[in-house]
Amino acid sequence: MTACQGTAMSNPASPIAPQADDEARKHDFARIEAKWQRFWVENKTFATHIDHNKPKTYVLDMFPYPSGAGLHVGHPEGYTATDIYCRFLRMRGHNVLHPMGWDAFGLPAEQYAIQTGTHPAVTTQKNIATFRRQIQALGFSYDWDREVDTTDPTYYKWTQWIFLQLFKKGLAYQAEIPVNWCPALGTVLANEEVQDGKSERGGHPVVRMPMRQWMLKITAYAEELLSGVDTLDWPEGIKAMQRNWIGRSEGAEVDFAVEGELGTLRVFTTRPDTLYGATYMVIAPEHALLDRLVTPDRHAQVDAYVEAARRKSERDRQDAGKEKTGVFTGRYAVNPVNSAKIPIWVADYVLGGYGTGAIMAVPAHDERDFAFAKAFDLPIIPVLSPDGEPFAAELTEPFTDDGLALNSGPYSGMTTQEFKRRITAELADRGIGERRVNYKLRDWVFSRQRYWGEPIPIYYPIVSVLDGTPLSESGLSPSQVADMVHTDSWRVMYGTPLPVHESELPLKLPVTDDFQPTGNSEPPLSKCHDWLYFERDGRWFARETNTMPQWAGSCWYYLRYLDPHNDQTLASPEAVKHWLPVDLYVGGAEHAVLHLLYSRFWHKVLFDLGVVPTNEPFQRLVNQGMILGEDGEKMSKSRGNVVNPDDMLREFGADAFRLYEMFMGPLEATKPWATNGLYGTRRFLSRLWALYDKPLAATAPDDKIRRALHKTIAKVGDDTANLRFNTAIAAMMGLLNDCTKLDVLPIEVAENFAVILAPYAPHIAEELWEKLGHEPSIGLVPWPSYDPALCVDDTIEIPVQVNGKLRGRLVVPADTPQDVLQNMALADSNVQKFTEGKRIAKVIVVPGKMVSVVVVG
RNA sequence: GCCGGAGUGGCGGAAUGGUAGACGCGGCGGACUCAAAAUCCGUUGACUUUGCGGUCGUGUGGGUUCAAGUCCCACCUCCGGCACCA
């Protein structure tokens with residue numbers, strides 16, 4: 001065992017030497033951290049291989065979008081947590097998979113390209129390099145051999161492959177969907193980019209325009225996605241959000257006959273028990289039957305209303321608030337249960353895309369119908385009350401609870417539940433209704449009119465407009481084909497999508513320097529004629545020019561990590577079988593719904609295809625809380641409260657930074673940044689460093705410090721296993737405070753302290769380990785065990801309460817029996833002050849805990 | 001409005017129903033220094049007492065209990081998400 005070199009007190013004291021010596025003995029984090037980071041990379045200390053002799057644990061971070069701004073302090077919060085956890089599990093003998101990669105397709109790189117002409121691939125690689133450098137500077141134990149990049153063709157080959165499987169299963173289809181088209185910008189905008197019907201940037205008008213889009217039929221998995229939520233070890237809030245997003249609701253569809261031989265209008269309702277109270281009907285402005293329903297005298301009004309509704313963006317239609325608008329169509333329908341004649345209105349509070357796009361309105365028992373009926377003076381007829389008795393006065397608000405029916409013919413007096421069951425059955429018998437389950441969840445619009453995304457591996461025949469014959473002229477150039485398609489005699493047969501053969505994947509994104517919007521509604525790829533048009537077997541075809549959304553690459557990246565270099569399959573069966581599911585997934589709550597839902601959807605499809613062995617991808621999910629600025633506000637450039645990790649690392653070092661990020665509070669909590677706190681963790685490390693300058697003692701530590709050590713090992717192990725990093729660090733600070741008082745440092749303490757610190761502050765731990773004469777890496781040392789007997793004190797302090805108030809403390813051996821405690825408590829002079837002259841009604845003694853005396857009088 | 005989470009010193013936070021405020025930041029006092037920084041030692045919930053001690057104290061109001069930050073009921077505030085889904 002090498003003694004610490006720090007025993008330099010004996011140095012002959014030249015006036016300068018002691019100072020220089022002090023300097024040399026300081027914790028030089030910059031040198032130490034660089035040294036060990038290099039060591040880990042060069043020795044591939046954290047490269048992971050399948051090892052069936054150890055329990056496997058797959059710990060996943062949400063991989064970042066490598067933005068130009070670089071890392072902010074929020075990123076390393078989750079990454080530090082998982083790193084500590086992984087290092088800890090390795091020391092506990094687990095086979096740990098812990099990878100990192102880049103979610104690198106996306107809008108910012110493309111916008112930057114439009115502004116500067118720099119190709120998105122260049123920007124992306126530069127940003128990735130920055131992120132990688134920053135992440136590595138934090139000393140994380142990722143297996144860098146498994147790094148993935150969603151923009152790498154060897155990666156998106158498999159994103160495309162998954163799309164083809166979806167297509168072949170009928171889960172990918174095309175539809176005309178209204179999008180936000182901004183003619184001035186010549187581009188399609190996301191809902192977030194539109195405000196008050198104007199583009200967020202520039203304030204140009206935006207119109208809703210139907211456009212051909214690729215859709216994924218996530219609704220086919222609605223039920224499975226919903227029921228699967230129950231099996232997940234996720235925060236309740238996130239699970240609730242997923243359930244809410246899927247939005248299952250049970251009810252019935254009912255046909256209403258429309259007057260004038262116009263057939264029937266079908267509605268969806270969750271309250272068929274209120275059918276007798278339907279006093280009017282409403283259909284959505286986009287309803288297919290609307291045109292036929294409107295009576296001639298009403299056409300002008302209805303058309304104007306529909307036109308106005310169409311112009312509003314989805315968001316505006318919602319932002320308009322609860323102010324109800326609508327127009328009578330002039331037409332009536334017949335209530336199937338009581339033959340009442342009720343008017344049909346058109347109103348935009350009914351959504352075209354949900355249920356049947358039409359409702360029966362029961363104003364007495366529905367908030368929205370009530371507001372509408374009040375606004376347009378329509379009748380409100382109660383058909384339900386808490387006790388089945390009519391309401392004494394006119395309703396001032398709708399009664400929406402369950403209760404007993406009234407005014408409902410043979411059903412009067414029936415409970416809501418019973419009524420629903422019976423009427424649904426009866427409607428079904430009469431052939432005018434059926435039980436029905438609806439979901440709020442919509443199919444996923446999967447195409448983007450952008451350049452920087454995965455090409456969708458689909459192509460289409462080019463045919464003659466006149467007679468549909470395929471374009472099979474040989475000797476044409478792609479540009480000539482483009483010209484022909486742009487005339488009106490040839491067209492791309494979008495109705496006949498053909499999948500690119502799997503052997504031709506990846507379908508690479510063409511290299512171009514023209515990412516400018518086309519100015520029409522065509523995506524930028526439509527300008528890459530050489531890529532777009534190709535001849536095969538004498539016929540000409542056009543490729544799909546839409547690209548995939550950013551979600552695509554992040555939907556399945558956790559699978560590619562398992563076997564990132566496999567060019568035969570997205571990951572080998574052996575790898576997926578060994579590693580899945582992800583045991584712990586850590587990331588921000590901003591992905592609570594979309595990313596996690598889309599990922600679960602793809603995973604379930606892959607499960608059905610037999611590609612993965614589990615039906616859920618992420619068994620346990622933890623959301624790290626947001627880190628706010630020092631002012632308690634969300635960090636943002638405009639507020640000027642952004643903290644740059646590079647600055648922090650330079651001044652405090654990675655170990656102090658990691659400790660601080662974890663010491664701030666519970667991982668899940670939102671908490672404000674305080675750079676001052678970093679002085680605390682840096683001071684902790686300097687004092688720790690100085691501790692190892694004390695003379696080392698091979699003798700056993702004294703009882704007190706020994707107990708402190710064992711308690712700390714127990715506490716840090718337990719807390720780390722449960723992701724309670726803040727209290728684990730506090731415990732280590734406590735141990736250091738105890739050790740500081742020592743004159744010599746027992747080796748048992750020196751070694752174990754370094755080992756339990758290693759997951760948290762790995763650089764200094766490695767250095768101390770080496771100083772103690774051991775071979776690196778400390779990360780490979782088994783987690784120390786502790787003696788439970790040493791974790792309880794033999795002398796304890798017992799509080800004594802009189803009538804619930806603390807009146808004394810007894811310092812006694814831990815095993816002091818009950819009766820002795822009681823006698824001591826009652827004999828305590830301060831306790832006696834409060835029992836004197838009173839009757840002792842009861843004495844409760846909890847051995848090892850406390851004594852509670854109850855007095856009366 | 002609905003769903004989820006949280007309210008504890010000057011600040012971040014800690015507490016299997018059993019001594020509230022661990023640990024850290026900041027403050028105060030002291031040591032070292034010509035001085036300052038750094039470092040080290042002590043102290044630090046409020047009020048009160050020379051001291052021992054006492055009173056109050058975990059968003060508010062009730063309740064259960066020998067004992068409540070913790071459990072129950074009602075409410076208030078803040079944060080996050082959803083929001084005309086019939």
Side-chain angles (χ1 to χ4, degrees), chain A residues 22 26 235-241 243-245 247-249 251 267-271 274 282 284 317-324 347-351 353-362 365-369 371-372 438-442 589-590 592-593 623 625-626 628 630 632 634 659-660 663-666 668-681 683-684 686-687 690 724 726-734 736-737 740-741 797-810 829-830 833 841-846 848-855:
Chain A
D22 277 356
K26 265 199 185 145
E236 276 314 312
I238 304 290
K239 292 209 279 189
M241 281 161 76
R243 290 193 190 102
N244 192 40
W245 192 263
R248 182 183 200 273
S249 73
V267 302
F268 171 68
T269 178
T270 54
R271 294 299 299 267
T274 61
V282 184
R317 213 164 124 173
Q318 286 166 8
D319 284 351
K322 311 290 177 208
E323 212 51 28
K324 294 283 182 289
D348 67 2
Y349 83 89
V350 170
L351 307 174
Y354 182 77
T356 61
I359 61 157
M360 64 173 200
V362 186
H365 305 293
D366 181 276
E367 303 274 357
R368 299 146 300 184
D369 297 345
F372 191 83
N438 268 325
Y439 301 90
K440 285 193 223 173
L441 183 67
R442 304 297 160 80
E590 66 272 22
V593 179
N623 292 122
M626 209 185 344
L628 306 172
E630 298 228 34
K634 210 166 166 167
L659 284 172
Y660 174 64
F663 188 61
M664 288 169 81
E668 297 92 331
T670 298
K671 46 219 175 259
W673 181 264
T675 300
N676 262 342
L678 271 159
Y679 289 104
T681 52
R683 195 172 295 145
F684 166 67
S686 309
R687 292 177 60 214
R724 291 191 301 252
N726 54 331
T727 48
I729 293 168
M732 289 189 279
M733 287 173 166
L736 175 61
N737 289 344
T740 304
K741 294 167 189 132
E797 201 177 67
I798 299 281
V800 182
Q801 290 183 357
V802 179
N803 284 357
K805 295 198 183 220
L806 182 70
R807 297 304 182 192
R809 298 180 176 87
L810 310 171
S829 62
N830 200 50
K833 277 203 281 185
K842 203 172 177 185
V843 181
I844 294 141
V845 183
V846 185
K849 279 289 181 205
M850 61 126 43
V851 179
S852 186
V853 182
V854 186
V855 298

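Quick caveat: nothing in here was measured; it's all calculated off a predicted structure. Proteins get letters first, then strands, A, B, ... in listed order; numbering begins at 1 in each.
A sub-4.0 Å separation between OP1 or OP2 of rU19(B) and a side-chain N or O of R807(A) is absent. Between K805(A) and rC56(B) there is a side-chain N or O to OP1 or OP2 distance below 4.0 Å. OP1 and OP2 of rG12(B) both lie 4.0 Å or more from every side-chain N or O belonging to K671(A). Residue S249(A) places at least one side-chain N or O under 4.0 Å from the OP1 or OP2 atom of rA86(B). Using a 4.0 Å cut-off, no side-chain N or O of N676(A) falls inside it from OP1 or OP2 of rG12(B). For rC23(B), neither phosphate oxygen OP1 nor OP2 lies less than 4.0 angstrom from any side-chain nitrogen or oxygen of R683(A). Close to rA86(B), at under 4.0 Å from its OP1 or OP2, lies a side-chain N or O of Y354(A). For N830(A), a side-chain nitrogen or oxygen approaches OP1 or OP2 of rG54(B) to under 4.0 Å. For N244(A), no side-chain nitrogen or oxygen approaches OP1 or OP2 of rA83(B) to under 4.0 Å.
Using a 4.0 Å heavy-atom cutoff across all strands shown, N803(A) reaches no nucleic acid atom at all. Looking at heavy-atom distances under 4.0 Å, R243(A) makes no contact with the nucleic acid at all. Note on P235(A): nothing from the nucleic acid sits closer than 4.0 angstrom, heavy atoms only.
Here the nucleotide nearest the side chain of A730(A), chosen from rG4(B), rA22(B), rA86(B), is rA22(B). Among the nucleotides rA86(B), rU19(B), rA14(B), the one closest to the side chain of L806(A) is rU19(B). Among rC41(B), rC82(B), rC84(B), the nucleotide with an atom closest to any side-chain atom of W245(A) is rC82(B). For D366(A), the side-chain atoms get nearest to rA86(B) when compared with the rest of rA86(B), rA22(B), rG81(B). The side chain of A240(A) approaches rC3(B) more closely than any other nucleotide in the set rA86(B), rA15(B), rC3(B). Taking only side-chain atoms of P799(A), from C-beta outward, the nucleotide of rU19(B), rC23(B), rG18(B) with the closest atom is rU19(B).
Using P as the reference atom, rG27(B) and rA36(B) are 16 Å apart when rounded to the nearest Å. Rounded to whole Å, the P atom of rG45(B) lies 9 Å from the corresponding atom of rG21(B). Spacing between rG4(B) and rA15(B) at atom C1', rounded to whole Å, works out to 25 Å. For the C1' atom pair drawn from rG59(B) and rU50(B), the interatomic distance equals 38 Å after rounding to whole Å. For the C1' atom pair drawn from rC75(B) and rC84(B), the interatomic distance equals 29 Å after rounding to whole Å.
Applying the 90° criterion around 0 to the glycosidic angle, rG9(B) comes out syn.
Closest of all the heavy-atom pairs between M360(A) and V267(A) is N-CG1, 3.6 Å. Between V350(A) and A284(A) the shortest heavy-atom distance is O-CB, 3.3 Å.
Nearest-nucleotide positions on RNA chain B for T670(A) and Y439(A) put T670(A) closer to the 5' end. Residues V851(A) and R724(A) each lie close to RNA chain B; by heavy-atom proximity, the contact nearer the 5' end of the strand is made by R724(A).
If you check rC47(B) for Watson-Crick or wobble pairing at under 3.5 angstrom, you find it paired to rG54(B). Nucleotide rG42(B) is matched to rC28(B) when pairs are restricted to Watson-Crick or G-U wobble geometry with both distances under 3.5 angstrom. Base pairing analysis places rG1(B) opposite rC82(B); the two distances defining the Watson-Crick or G-U wobble pair are each below 3.5 Å. rC75(B) is paired with rG59(B) under the criterion used here, namely a Watson-Crick or G-U wobble arrangement in which both key atom distances are under 3.5 Å. Taking a pair to require two hydrogen-bonding distances under 3.5 Å in either a Watson-Crick or a G-U wobble arrangement, rG18(B) pairs with rC66(B).
Rounded to an integer number of Å, the gap from CG of N737(A) to C1' of rC41(B) is 12 Å. Residue F663(A) contributes atom CZ, which lies 14 Å from atom P of rG12(B) at whole-angstrom precision.
Distance CD1/I844(A) to CE/M850(A): 9.0 Å, rounded to 0.5 Å. Once rounded to the nearest 0.5 Å, the distance linking CG of N676(A) with OH of Y660(A) reads 8.5 Å.
For the pair K324(A) and F372(A), the cation-pi criterion (under 6.0 Å, within 45° of the ring axis) is not fulfilled.
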